[in-house]
Amino acid sequence: MPKNNHNQLSKAVLEKFVPNFAGKAELLHIADDPQRDLKAEQQRLTELGFSSILPEAMPDIILYDHDRNRLFLLTATPAGTTITGSHIEIIKEAYSGDAELVFVTVLADGDSFKSTLDAINWGTKIWIATIPEHLVHMDEAHFMDLPD
């Protein structure tokens with residue numbers, strides 16, 4: 001898969017990430033680049049608790065898993081780009097719902113992961129298209145039942 005092909009990464013999310021991690025999730029938003037929405041279910045996003053999200057903070061893909069009341073906010077961008085802490089804060093401020101927000105950086109391959117590791121925010125997940133059955137969790141206390 002070409003590292004910088006945004007549309008290929010988005011396609012991989014729909015074909016491989018969703019079946020592995022999001023079950024029967026509802027596709028609420030998908031963009032083919034930061035300037036153009038292919039699908040935006042604004043009414044449904046509003047119903048779930050998003051009054052608005054600034055365009056520069058809008059994830060590339062938003063999925064809603066009704067069974068687990070979980071919103072997946074995926075950034076599928078070229079190597080070297082991740083969902084930033086400021087984007088996370090903007091999204092959290094715009095959100096008033098009760099679903100769990102899961103922030104995921106989508107990368108093409110292991111080389112992309114290595115080159116972006118220092119920029120990935122704690123509290124997020126990383127999904128690598130070449131190993132679609134796995135997630136990297138940047139939040140160890142969540143899974144290790146560690147004291148606060």
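With rounding to the nearest 0.5 Å, the separation of OH in Tyr64 from CD in Glu41 is 14.5 Å. One distance of note links CG of Leu27 with CG of Leu63; it measures 6.0 Å at 0.5 Å rounding. Note that CG of Leu48 is 9.0 Å distant from NE2 of His66, once rounded to the nearest 0.5 Å. The CD atom of Glu47 sits 5.0 Å away from the CD atom of Gln43 when rounded to the nearest 0.5 Å.
Here the closest non-hydrogen pair linking Pro59 and Leu74 is CB-O, 3.6 Å. For His137 against Leu135, the heavy-atom pair with the smallest separation is CD2-O, 3.7 Å. Scanning all heavy atoms of the two residues, the minimum distance from Leu14 to Pro19 falls at O-CD, 3.8 Å. Smallest separation of non-hydrogen atoms from Phe21 and Arg68: O-NH2, 2.6 Å. When all heavy atoms of Ala94 and Ser52 are compared, the pair lying nearest together is CB-O, 2.6 Å. The shortest non-hydrogen separation linking Asp60 to His29 is O-CD2, 3.5 Å.
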side-chain contact (heavy atoms from CB on, under 4.5 Å) between Tyr95 and Leu71, intermediate numbers included
CA-CA 11 Å; Tyr95 185 64; Leu71 279 160; 3.7 Å; yes
What verdict does the side-chain contact (heavy atoms from CB on, under 4.5 Å) test give for Ser10 and Ile61, after you've listed the backbone C-alpha separation in whole Å, the side-chain angles of each residue and the deciding distance to 0.1 Å?
CA-CA 8 Å; Ser10 295; Ile61 300 170; 4.0 Å; yes
Should Phe103 and Thr75 be marked as a side-chain contact (heavy atoms from CB on, under 4.5 Å) after you check the CA-CA gap, both sets of side-chain angles, and the distance that decides it?
CA-CA 8 Å; Phe103 295 94; Thr75 300; over 6 Å; no
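For Glu133, the CD atom sits in a packed shell: over 12 heavy atoms of surrounding residues, nucleotides or ligands are nearer than 6.0 Å.
The closest donor-acceptor contact from the side chain of Thr124 to the backbone of Val104 lies at 3.5 Å or more, if one exists at all. A donor-acceptor distance shorter than 3.5 angstrom exists from the side chain of Asn20 to the backbone of Pro132, with no hydrogens or angles considered.
Electrostatic pairing of Arg44 and Glu26 counts as a salt bridge here, judged by a charged N lying under 4.0 Å from a carboxylate O.
Between Thr105 and Lys125 there is no side-chain heavy-atom pair separated by less than 4.5 Å. Looking only at side-chain heavy atoms (C-beta outward), Leu101 and Lys92 come within less than 4.5 Å of each other. Counting only heavy atoms from C-beta outward, the side chains of Lys16 and Trp127 approach each other to under 4.5 Å.
Take Ile126 and apply the side chain to side chain contact (heavy atoms under 4.5 Å, CB included) test, not counting sequence neighbours, and it matches Leu107, Phe113, Ile120, Ile128, Val136, Met138.
Annotation: Phe17 is in aromatic contact with Phe72 [ring centroid separation under 6.0 Å].
Between the side chains of Asp109 and Ser112, at least one donor N or O sits under 3.5 Å from an acceptor N or O.
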